[in-house]
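Sequence positions, counted from 1, serve as the residue numbers for this chain.
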Amino acid sequence: MNKKILIMIILIIIGVGSSFAFIYYKKSSTKNSVVEYLTTEKNIPEKNIIQSEPFIANFKGNKNYMVSVKLKNDNKTYYYYKDNGKVILESYVKNGKEHVINK
């Protein structure tokens with residue numbers, strides 16, 4: 001195999017791998033920050049957080065990486081993101097209706 005082709009293949013693999021690693025890091029970091037915020041700032045016991053699922057929201061910037069949160073004995077689903085080191089409640093869904101907090 002030609003050295004140039006091998007180098008190109010390696011660079012492509014590194015580029016794709018780096019993209020996946022970055023996305024994984026952003027989702028994981030956002031999830032950890034949201035859970036920490038809820039347990040320390042909002043005094044919610046971690047055992048009462050029954051779901052904290054990071055996802056890509058198709059927004060611009062840091063708002064693109066969000067976490068959906070469901071709490072024990074609460075019928076709402078909350079959506080948080082992290083911007084400039086601060087966890088922000090973007091919206092919540094109650095009875096199938098979305099309520100946007102920060103537009």
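Not one N or O on the side chain of Ser28 forms a donor-acceptor pair closer than 3.5 Å with the backbone of Tyr25. When atom types are taken as modelled, the side chain of Asn64 and the backbone of Asn58 share a donor-acceptor pair closer than 3.5 angstrom. For the pair Asn2 (side chain) and Lys4 (backbone), a donor-acceptor distance under 3.5 Å is present.
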Donor-acceptor pairs under 3.5 Å, side chain of residues 6-13 to any protein atom, not counting sequence neighbours: which ones?
none

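With a 4.5 Å cut-off on side-chain heavy atoms, Lys26 and Asn62 count as touching. Looking at heavy atoms from C-beta onward, Ile88 lies out of side-chain contact with Tyr80 at the 4.5 angstrom threshold. Taking the side chain as every heavy atom from C-beta outward, Leu71 and Ile44 approach each other to under 4.5 Å. You'll find the side chain of Ser52 reaches within 4.5 Å of the side chain of Lys31, heavy atoms only. Between Leu89 and Tyr81, every side-chain heavy-atom pair lies at or beyond the 4.5 Å cut-off. Between Val35 and Ile49 there is a side-chain heavy-atom pair separated by less than 4.5 Å.
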Quick one: do Val69 and Tyr79 satisfy side chain to side chain contact (heavy atoms under 4.5 Å, CB included)? Show the steps, please.
-> CA-CA 6 Å; Val69 175; Tyr79 297 92; over 6 Å; no
Could you walk me through whether Val67 and Glu53 pass side chain to side chain contact (heavy atoms under 4.5 Å, CB included), step by step?
-> CA-CA 5 Å; Val67 178; Glu53 187 66 35; 5.8 Å; no
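In the hydrophobic clustering of this structure, Phe55 groups with Val93; members are Ile, Leu, Val, Met, Phe, Trp, Tyr whose side-chain heavy atoms approach within less than 4.5 Å, directly or through other members.
Interatomic distance, Lys63 NZ to Glu90 CD, rounded to the nearest 0.5 Å: 4.5 Å. Going from atom CD of Glu36 over to atom NZ of Lys42 covers 14.5 Å, rounded to the nearest 0.5 Å. For the atom pair Ile50 CD1 and Asn73 CG, the distance stands at 8.5 Å (nearest 0.5 Å). Distance check: Glu98 CD to Ile101 CD1 gives 9.5 Å after rounding to the nearest 0.5 Å.
Relative orientation of the Tyr78 and Tyr92 rings is tilted, given thresholds of 30° and 60° on the angle between their planes.
Contact between Lys70 and Thr77 at its shortest, heavy atoms only, is NZ-OG1, 3.2 Å. In plain terms, the two heavy atoms of Ser91 and Val100 that are nearest each other are CB-CA, 3.7 Å.
For Phe59, the CZ atom sits in a packed shell: over 12 heavy atoms of surrounding residues, nucleotides or ligands are nearer than 6.0 Å. Around NZ of Lys76, the count of heavy atoms belonging to other residues, nucleotides or ligands within 6.0 Å exceeds 12.
For the 3.5 Å distance criterion, the side chains of Lys82 and Thr30 fail to qualify, holding no donor opposite an acceptor.
Evaluation of the side-chain contact (heavy atoms from CB on, under 4.5 Å) rule for Asn95 yields Asn75 as partners, not counting sequence neighbours.
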